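Here the structure comes first, spelled out in structure tokens, and everything after it is commentary.
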2 protein chains.
Amino acid sequence: MDKYDQIKLENQICFPLYALSREIIKLYKPILDKYNLTYTQYITMLVIWEKEKIGFKDLGRLLHLDSGTLTPVLKKLEAMELIHKYRSKEDDRIVIVEVTEKGNSLKEDILHVPEEIYCKLNIETEKLFTLKKQLDEILTQISE
Amino acid sequence: MDKYDQIKLENQICFPLYALSREIIKLYKPILDKYNLTYTQYITMLVIWEKEKIGFKDLGRLLHLDSGTLTPVLKKLEAMELIHKYRSKEDDRIVIVEVTEKGNSLKEDILHVPEEIYCKLNIETEKLFTLKKQLDEILTQISE
DNA sequence: TTATAATCAATTGAATAAAATTAAATTTTA
DNA sequence: TAAAATTTAATTTTATTCAATTGATTATAA
């Protein structure tokens, strides 16, 4: 037992999380390229598709992204005419994001993406499910 | 069962990986700030400390980082005098990285960092261990 | 030997990220 | 009610990260 063991890369818990996250995003790349979406833009659209209309703040909270990241992402999605933004009538500070018709049309094309990723991952559904459960649990705990 | 269920954020396996990875890096931030290291610089130093001397290519492979990321990281670490780089005598294409005396001195101060992170995470060691095992397994499979 | 291919690191441009600041509006409190 | 504090989102700045390309070097094949 070496006192330096604890700072070996192989003994870091966060590292495989960091590395795997980036590796999987790389798997998404060729698929999302067809729709001119980055991974961040893609997950942002997932939430907007599901909610149809959502406040900027709530969107950031769900995605764990702060305004400095989210603002340019939404600007890009708006330029692509997938969403539009407007300020709340009741409270002018609040920005609301809504999916456009063009955005909803893209939703139909995107439907097959998760399936393609699962094929590329090639891991038992059961394994993925238990892994996701563990990650969600830790994520909830940390985000408090 | 809605056909749109599969593109809900909550059903994406990669998302908690991506979000948790960034959340944990945020936990590192205040700790690593004291040493003027980013998370990427930190894990890069972990490998260099362990190997003492390593080729650029091997370093990138271990960290899952390509030259576009690693080049500026090493440039910064060299400016901080923690490492030095030189090209191989045998093959001028190959860059070799070595830890400096100052770099090795920092190693001693860094020893407590993993402990601090475990405290912040506040998760059973057993849970973390099994999680890491699963992640490592998938990472190995994907990186083939 | 010469031409071609492969390898390697650096560079470039776009996207992502965090921190600090600004600006506007609302809520609280004195 | 008026002032102060808080909330909210955008902007700005600085830094990081990634994919694609470039340029240099070495290895291989004709």
Side-chain angles (χ1 to χ4, degrees), chain A residues 15 18-45 54-80 83-97, chain B residues 14-15 18-33 36-45 54-61 63-80 83-97:
Chain A
F15 176 70
Y18 171 70
L20 185 55
S21 163
R22 287 182 298 120
E23 289 294 345
I24 295 187
I25 288 171
K26 276 186 211 165
L27 294 183
Y28 274 97
K29 180 109 195 351
I31 299 172
L32 295 179
D33 272 354
K34 297 173 205 157
Y35 310 104
N36 278 304
L37 290 176
T38 64
Y39 180 74
T40 312
Q41 290 163 8
Y42 168 71
I43 57 171
T44 302
M45 285 307 300
I54 185 172
F56 181 101
K57 191 79 179 181
D58 290 334
L59 187 56
R61 206 189 58 251
L62 288 172
L63 294 166
H64 295 254
L65 294 174
D66 79 359
S67 76
T69 304
L70 203 49
T71 296
V73 168
L74 294 181
K75 197 174 280 183
K76 187 73 196 296
L77 293 174
E78 193 173 36
M80 294 167 78
I83 64 166
H84 72 99
K85 293 180 300 178
Y86 59 90
R87 283 178 184 274
S88 161
K89 257 182 186 163
E90 291 78 33
D91 185 340
D92 204 49
R93 294 168 303 184
I94 293 175
V95 165
I96 296 166
V97 180
Chain B
C14 182
F15 175 70
Y18 171 69
L20 186 55
S21 164
R22 285 181 298 119
E23 290 293 346
I24 294 186
I25 288 172
K26 275 186 211 163
L27 294 183
Y28 274 97
K29 181 106 194 359
I31 299 171
L32 296 179
D33 272 354
N36 279 303
L37 290 176
T38 64
Y39 179 73
T40 312
Q41 289 163 6
Y42 168 71
I43 57 172
T44 302
M45 284 307 301
I54 186 171
F56 181 101
K57 190 84 179 178
D58 290 334
L59 187 55
R61 206 189 58 251
L63 294 166
H64 296 253
L65 294 175
D66 82 343
S67 74
T69 305
L70 202 50
T71 296
V73 168
L74 293 181
K75 198 173 280 183
K76 186 75 193 297
L77 292 174
E78 192 173 39
M80 293 166 79
I83 64 165
H84 73 100
K85 292 181 302 178
Y86 57 92
R87 282 180 185 271
S88 161
K89 256 182 189 167
E90 291 77 33
D91 186 340
D92 203 49
R93 293 170 302 183
I94 294 173
V95 167
I96 296 165
V97 181

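None of the values given here were measured: they were computed from a predicted structure. Atom set for the values below is all heavy atoms of this structure, side chains included, hydrogens, waters and symmetry mates excluded. Here is how names work: the chains are called A, B, and so on, in the same order as the sequence lines, proteins then strands, and each is numbered from 1.
- Ring planes of A/Y39 and A/Y28: tilted class, angle from 30 to 60°.
- The side chain of A/Y28 places no N or O atom within less than 4.0 Å of a non-bridging phosphate oxygen (OP1 or OP2) of D/dC18.
- Counting only heavy atoms from C-beta on, B/K26 has its side chain closest to C/dA18 among C/dA18, D/dA10, C/dA10.
- Listed pair B/K75 / C/dT11 meets the phosphate criterion, a side-chain N or O lying under 4.0 Å from OP1 or OP2.
- The side chain of A/K29 approaches D/dA19 more closely than any other nucleotide in the set D/dA19, D/dT25, C/dA9.
- When heavy atoms are screened at a 4.0 angstrom cut-off, A/L65 is found touching the sugar-phosphate backbone but no base atom.
- Look at CD1 on A/I96: it is 11 Å from P on D/dA10, rounded to the nearest Å.
- Side-chain nitrogen and oxygen atoms of B/Q41 include at least one within less than 4.0 Å of the OP1 or OP2 phosphate oxygen of D/dT16.
- Between B/S67 and C/dA9, a side-chain N or O to OP1/OP2 separation shorter than 4.0 Å is absent.
- When each of A/V73 and B/D33 is assigned the nucleotide of DNA chain C bearing its nearest heavy atom, the one mapping closer to the 5' terminus is A/V73.
- Distance B/Y86 OH to C/dA9 P: 13 Å, rounded to the nearest Å.
- Across C/dA10, D/dC18, C/dA19, the shortest atom-to-atom separation from the side chain of A/D66 is found for C/dA19.
- The two residues B/S21 and A/S21 have their closest heavy-atom pair at CB-CB, 4.3 Å.
- The residue A/T40 sits close only to the backbone: its heavy atoms come under 4.0 Å of sugar-phosphate atoms, none of a base.
- Of all nucleotides listed (C/dA15, C/dA18, D/dA27), D/dA27 comes nearest to the side chain of B/R93.
- Phosphate proximity of D/dA9 to A/T71: absent, as no side-chain N or O sits under 4.0 Å from OP1 or OP2.
- In terms of heavy-atom proximity, B/R87 sits nearest to B/D92 at NH1-O, 2.9 Å.
- A salt bridge between B/K75 and B/E78 is absent, with no side-chain N of the basic residue lying under 4.0 Å from a carboxylate O of the acidic one.
- Across all strands, B/T69 comes closer than 4.0 Å to base atoms (heavy-atom distances).
- Note on A/Y18: only backbone sugar-phosphate atoms sit closer than 4.0 angstrom, heavy atoms only; bases stay farther off.
- With distances taken from any side-chain atom of A/R22 to the nucleotides C/dA15, D/dC18, C/dC8, the minimum falls on D/dC18.
- A tilted orientation is assigned to the rings of B/F15 and A/H64, their planes being inclined by 30° to 60°.
- Listed pair A/K57 / D/dT7 fails the phosphate criterion, with no side-chain N or O lying under 4.0 Å from OP1 or OP2.
- Pairing of C/dT2, defined by two Watson-Crick or G-U wobble distances under 3.5 Å, is identified with D/dA29.
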